[in-house]
Every structure is written in C-alpha cells, then in structure tokens.
Amino acid sequence: MSKFDPYKHIGITLNPDGTVTRCYNSPTADANPEPLPGTSTVSKDITIDSDKKTWVRIFRPAKLPSNDNAVARLPILIYFHNGGFVFLSPAHVGTHRKCAQIAGDVPSIVVSVAFRRAPENRLPTQYHDARDAVLWVKNQVSDPNGEQWLKDYGDSSRCYLYGCGCGANIAFNAAMKVADVDLEPLRIRGVVMNQPMFGGEKRTGSELRFATDQTLPLPVLDLMWELALPKETDRDHRYCNPMVKGPHQDNVKKLGRCLVIGYGGDIMVDRQQEFVTMLVKCGVQVEARFDQVGFHNIDMVDAARATAVINIAKDFILG
C-alpha cells in the first residue's frame, strides 16, 4: 500500500490553500417540477441560505395518495447524501434517483439537503447545515405561506432523518443537535442510517480485512477523515468515533428510534456494529439490519439491493 496514492484514486488534487480540485465531474440530473415519462415523482430545488450556498431538492409522488378524496399526508424524510463529506450533492444522478425512488416507494416527501463540502468547510459545518435544514422544514410546515409540498402534503408529526455513508453520520449528529430544540409542529420520529461512516485510530478487523478494497480502500477512508475533521484532531474525535467515551454520549441518550443498515463486506462494518452496541448501551431503541453479503455502496450499483434497503427503511418508517 506504500505506493498507493489516495488522492489519485478518488480524482482530487490538494491545493496550497487547503482546498481541493475535484478532477471528476459526477453526472447530474435536473429537478423535474412536472412529471416526466417513465417517472412517478416530481422534484424542485429551493435555496435555504444563499450566503452559505445551501439548498434542498424536494421530491414527492406525482400522484398523491388519497383517503376519501382527501390527500393523505405523507411522512417527511430529510435526506443527507453520501460522498465522504467531500463529493456529490442532491443533483448527483445517483442521489437524485435514490431520493426519487424513496419518495415513490415509501411514499413520502423527501427533502434532500445540499450541505457544504469538506475540506473547504470542515466538520462540524455539515452538522450546522443539517440543523438549519431541519429548522427550515419546521418553518415551512408552520408558516401559512410555507413551501406548499411540505405544508399541504407532508405529515409534520412523522419526520425522519435519513442518511447514507457520511450522510448517515450527519443524520446522527443532526438528530442530537435538534433533540432539545422546540420543533413543533415538526416531530422527529427516528433516524435511518444506511452504512454510516465512522472511524477511529485503532484499526478494526474489517478495516484490515478490506484495506485494499476497490470501492473504499483504507488509505482513501483515512484521507476522507483527514479532509473532513477539524484540523489538529485525529480519528478518535467524537465526529469520527462517537464510540469513544465522553460527555457527547449524554446527547446520544436523547435520540429516538434508530435504524442501522450495513453489509459484511463494508470496510466500516465493525465500526457500524460497535456503533449499534453504543446506541443500545445508551438506551436508544435501535433496529440493526446487517447482511453478511454485500459491500460498501452496493445499493448504489445493484437495483435489487437498493429496493431492499428502501423496503427496510419503509417498514421502519411506516411500522
């Protein structure tokens, strides 16, 4: 591994000022406010904070379900995408398709959050952006002139934070940040964490086993944390390794229901299982769904697995 260049592997170059140049432009998809042939959802983009350049892409079913001719209100899912804190956005084709599928299959109103990226903006910036997004949703559902899709079609009493990879890490931390905030009429009912991104200084068995993994080799995982964590900290910082004992675990105890999904071939699977153990010890009601077959981001490339993950989340949300 000594000659392996993690920067080259993920297509970025480090600039003298600490920013990075992303050499690969991920394909993007435009929002579709009107139904398109072959799609069952519609979407639109809304700016949250023009100074911070944060925004959301909202998805809903094109055909809203109804009860006795009245529109049935749908759960609101606030979604945080993957990408190691460094890459992607709600406009990324994979993220767009996943959120569209979630909105159609659950069914639900999905608010996909564009948070600021590392290393230009290091943690906890992403947690602050996530908190802002939750407060923005709260304001929309309580304002008579708020965003119509949320105000008229969303069920503010059934809101969930939903994240994948680094987004699951963000969802976990955002849930703690808003635990003591008056969000009425919005109620956070639970947190869905799909293959959450965690780390630590001491190597786990899965990190050593999958150190040369093609999808997420260990030097790349280390680099992601190096770019995302506050400067002068290491991977045992609570943002990366919440399993390390500390006062932050008092906030963990405030979480509601949690769903954690993982795969046996994920380099972070041991961390994810340690995380579940910590949640249980903190008295959190947690459902853990680990499949021994599969690798990190398998649901981004395998349609059957993508549907399976959404069905697990659907059961958790509607159960």
Side-chain angles (χ1 to χ4, degrees), residues 1 4-29 52-57 79-96 98-99 112-130 132-133 162-174 193-200 207 210-211 213-242 266-268 271-272 295-301:
M1 299 292 285
F4 181 84
D5 182 351
Y7 287 93
K8 185 176 181 181
H9 185 81
I10 57 175
I12 62 173
T13 55
L14 185 63
N15 302 319
D17 63 357
T19 63
V20 294
T21 299
R22 295 164 180 85
C23 305
Y24 172 65
N25 290 322
S26 300
T28 59
K52 295 176 182 175
K53 297 181 179 177
T54 54
W55 54 280
V56 294
R57 177 166 291 181
Y79 184 85
F80 305 99
H81 64 78
N82 61 329
F85 300 104
V86 178
F87 296 104
L88 309 186
S89 80
H92 172 249
V93 165
T95 305
H96 178 92
K98 180 181 285 190
C99 289
S112 183
V113 180
F115 48 83
R116 287 171 286 179
R117 299 185 299 187
E120 294 80 7
N121 299 278
R122 291 175 176 266
L123 291 168
T125 300
Q126 292 74 13
Y127 305 155
H128 296 321
D129 290 348
D132 288 349
Y162 189 142
C164 181
C166 71
N169 177 301
I170 293 170
F172 165 66
N173 281 278
M193 290 170 276
N194 178 16
Q195 305 163 75
M197 180 177 174
F198 295 114
E207 287 170 349
F210 304 117
D213 179 72
Q214 289 185 334
T215 307
L216 186 61
L218 188 57
V220 167
L221 183 58
D222 287 350
L223 175 61
M224 295 289 196
W225 285 117
E226 185 182 322
L227 295 173
L229 285 168
K231 290 183 177 180
E232 313 302 326
T233 63
D234 63 23
R235 292 190 305 275
D236 280 335
H237 190 285
R238 67 184 184 278
Y239 298 160
C240 177
N241 189 0
D266 187 339
I267 192 170
M268 294 182 287
R271 299 280 181 202
Q272 293 159 1
F295 48 85
H296 188 70
N297 279 347
I298 187 172
D299 54 321
M300 297 293 286
V301 296

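Positions are given from 1 along the sequence.
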(message) For a side chain to side chain contact (heavy atoms under 4.5 Å, CB included) check, start with the C-alpha distance between S112 and F80, then their side-chain angles and the critical distance, and finish with the verdict.
(response) CA-CA 6 Å; S112 183; F80 305 99; over 6 Å; no

(message) Is the ring pair F198/F172 parallel, tilted or perpendicular, if the boundaries are 30 and 60 degrees?
(response)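 F198 and F172: perpendicular rings.
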
(message) Considering only residues two or more places apart or on different chains, which pairs with a residue in residues 10-29 satisfy salt bridge (Lys or Arg N to Asp or Glu O under 4.0 Å)?
(response)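 Found R22-E120.
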
(request) With F85 as reference, evaluate L229, L227, L123 under the side-chain contact (heavy atoms from CB on, under 4.5 Å) test and give the passing residue. (result)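 Checked L229, L227, L123 against F85; only one passes side-chain contact (heavy atoms from CB on, under 4.5 Å): L123.
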
(request) Identify, with sequence neighbours excluded, every residue that meets salt bridge (Lys or Arg N to Asp or Glu O under 4.0 Å) alongside R117. (result)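 Per chain and number, R117 pairs via salt bridge (Lys or Arg N to Asp or Glu O under 4.0 Å) with no residue.
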
(message) Can you list everything that forms a salt bridge (Lys or Arg N to Asp or Glu O under 4.0 Å) with D129? Sequence neighbours excluded, please.
(response)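 With neighbours one apart ignored, the set is R116.
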
(message) Run N121 and Q126 through side chain to side chain donor-acceptor pair (under 3.5 Å) and show every step you take.
(response) CA-CA 8 Å; N121 299 278; Q126 292 74 13; over 6 Å; no

About how many Å separate [atom2] of [Y] and [atom1] of [X], when rounded to the nearest 0.5 Å?
{"X": "S26", "Y": "H92", "atom1": "OG", "atom2": "NE2", "result": "4.5 Å"}
{"X": "T125", "Y": "F115", "atom1": "OG1", "atom2": "CZ", "result": "11.5 Å"}
{"X": "L223", "Y": "F4", "atom1": "CG", "atom2": "CZ", "result": "9.5 Å"}
{"X": "C164", "Y": "H296", "atom1": "SG", "atom2": "NE2", "result": "6.5 Å"}

For [X], give me all partners under side-chain contact (heavy atoms from CB on, under 4.5 Å), at least two apart in sequence or on another chain.
{"X": "K53", "result": "none"}
{"X": "N25", "result": "none"}
{"X": "H128", "result": "P124, K177"}
{"X": "V301", "result": "F295"}

[X] side-chain N/O to [Y] backbone N/O, donor-acceptor pair under 3.5 Å:
{"X": "R235", "Y": "C240", "value": "no"}
{"X": "R122", "Y": "P230", "value": "no"}
{"X": "T21", "Y": "C23", "value": "no"}

(request) Before giving the answer on side chain to side chain contact (heavy atoms under 4.5 Å, CB included), spell out for Y7 and T13 the whole-Å C-alpha distance, their side-chain angles and the decisive distance to 0.1 Å. (result) CA-CA 6 Å; Y7 287 93; T13 55; over 6 Å; no

(request) Taking the six-membered ring for Trp and the single ring otherwise, decide whether the centroids of F87 and Y24 are under 6.0 Å apart. (result)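 No: the rings miss the under 6.0 Å criterion.
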
Applying side-chain hydrogen bond (donor to acceptor under 3.5 Å, both in side chains), name anything that partners [X], two or more places apart in sequence or on another chain.
{"X": "H81", "answer": "none"}
{"X": "N241", "answer": "D236"}
{"X": "Q195", "answer": "D299"}

(message) Between M224 and I10, does the side chain to side chain contact (heavy atoms under 4.5 Å, CB included) criterion hold? Intermediate values first, please.
(response) CA-CA 10 Å; M224 295 289 196; I10 57 175; 4.2 Å; yes

(message) To check you understand the geometry: which heavy-atom pair defines the closest contact between C166 and G83, and what is its length?
(response)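 Scanning both residues, the minimum pair turns out to be SG-N, 3.9 Å.
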
(request) Please report the shortest heavy-atom distance between A118 and A228, naming the atom on each side. (result)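 Taking every non-hydrogen atom into account, CB-CA, 3.7 Å.
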
(message) Is there a side chain to side chain contact (heavy atoms under 4.5 Å, CB included) between M300 and N82? Walk through the geometry before answering.
(response) CA-CA 10 Å; M300 297 293 286; N82 61 329; 4.1 Å; yes

(request) Can you tell me which residue pairs pass the side-chain hydrogen bond (donor to acceptor under 3.5 Å, both in side chains) test with a partner in residues 217-234, sequence neighbours excluded? (result) R203-D222

(request) Give a yes-or-no answer on whether the side chains of Y127 and N169 include a donor-acceptor pair shorter than 3.5 Å. (result) yes

Indicate every side-chain donor-acceptor pair of residues 213-221 with a distance under 3.5 Å to a residue at least two apart or in another chain.
unit_1, atom_1, unit_2, atom_2, d
D213, OD2, T215, N, 3.0
D213, OD2, L216, N, 2.6

(request) Could you please spell out the steps behind the side chain to side chain donor-acceptor pair (under 3.5 Å) verdict for T54 and D132? (result) CA-CA 9 Å; T54 54; D132 288 349; 5.9 Å; no

